[in-house]
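Scroll down for the structure; my scribbles are underneath it.
Remember, it's 1-based here, ligands and their atoms both numbered in the order they're listed.
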Amino acid sequence: MTSPAPSKARPIRKPAKQPWCALVGAGPGDPELLTLKALRTLRRATVLLVDDLVSDAIVTLALRGRRRPPRVVHVGKRGGCKSTPQAFIERLMVNEALAGERVVRLKGGDPFVFERGGEEAEALRAQGIDVEVVNGITSGLAATTALGVPWTHRDHAHGVMLVTGHAREGAPGPDWAVLGAAAAQGLTLVIYMGMARLAAVQAGLLRALPGHTPAAVVQHAGSPQERTCDCTLASLVDAVRACGLGSPAIVIIGKVLQARSALAAAERLAA
Ligand code: SAH
């Protein structure tokens, strides 16, 4: 009996690497507020696209001890340059990922809170690229924590609204009077990108809320440069000017800020 002809050895083909990209939240600034998953993902990057609001300390952490550090591309307004156009960033991510690079896009706060994370994920997936999203602590949360109050202290608030003060070009901005009415119902209003339009925000909210409604502004929340300003809705614009606060900052409006004095009093008693 003749033995069967040996089957032809099939060449071992390495599966083509599935292109991959991650959108990672850097949190508000303090490297200790980075998640373990964010750090692990950052350290896998071969190309790192860094947003404006990401602190240098976090980039340093991502590079520390790497034998082959990733290529770092700053895509923001740093150094007085104009912001990198969104279409360019998306093209860069797609091209690098398709070329086999492990692309990590590092964004301030959370990548899906007032970022173009959704659009970027769509653009990448449309090209067959796997997209991983790693949440970060959003600056609005860090800002209220900086003030020592929760978003939803149950004595004062039963919900929270995250709103942008910056309308998309050509689109109508939020109706501040409607949002003010919701805040009057016990929803904490957390406003991102509101500093440039603070007077309009204040005027709109005053149509629905009393002037004595507690307000606060936190600049550089969750970072060593953090600064806060307490006021009322009626004094918001003047107080911000007097405190000398600017962007990036979060504006918080709502009764939940009353919890601040109660919590401070409790702390004094405990001391
Ligand atoms: N994805 C980010 C928000 C980006 S929109 C997040 O989740 O935090 C940009 C706006 O976020 C800024 O205009 C400012 O309103 C706010 N912001 C970002 N970082 C901040 C910080 N450290 N302190 C206060 N506001 C911040």
* **For F112, all residues meeting ring pair (Phe, Tyr, Trp, His ring centres under 6.0 Å), sequence neighbours excluded** =>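 Residues passing ring pair (Phe, Tyr, Trp, His ring centres under 6.0 Å) with F112: none at all.
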* **Under 4.0 Å from ligand 1 - residues by heavy atom, chain and number** =>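 Heavy-atom contacts below 4.0 Å: P28, L53, G108, G109, D110, V113, F114, E115, T138, S139, Y192, M193, V218, H220, A221, P248, A249, I250.
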* Tell me, yes or no, whether the heavy-atom count around R102 atom CZ, taken from other residues, nucleotides or ligands under 6.0 Å, exceeds 12. =>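 Enclosed: over 12 neighbouring heavy atoms sit under 6.0 Å from CZ of R102.
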* Asked: Does a sphere of radius 6.0 Å around CZ in R207 hold more than 12 heavy atoms from other residues, nucleotides or ligands, not counting ones at 6.0 Å or beyond?
  ->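 For R207, atom CZ is not crowded (no more than 12 foreign heavy atoms under 6.0 Å).
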* Asked: Can a donor-acceptor pair be found between the side chains of W151 and T144 at a distance below 3.5 Å?
  ->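 Looking only at side-chain atoms, T144 and W151 do form a donor-acceptor pair, the distance falling under 3.5 Å.
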* Asked: Could you walk me through whether E101 and R71 pass the salt bridge (Lys or Arg N to Asp or Glu O under 4.0 Å) check?
  -> CA-CA 10 Å; E101 299 291 349; R71 184 151 54 87; 5.1 Å; no
* Asked: Is a side-chain donor or acceptor of D30 paired with a backbone partner of E32 at a separation under 3.5 angstrom?
  ->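 Answer holds: yes.
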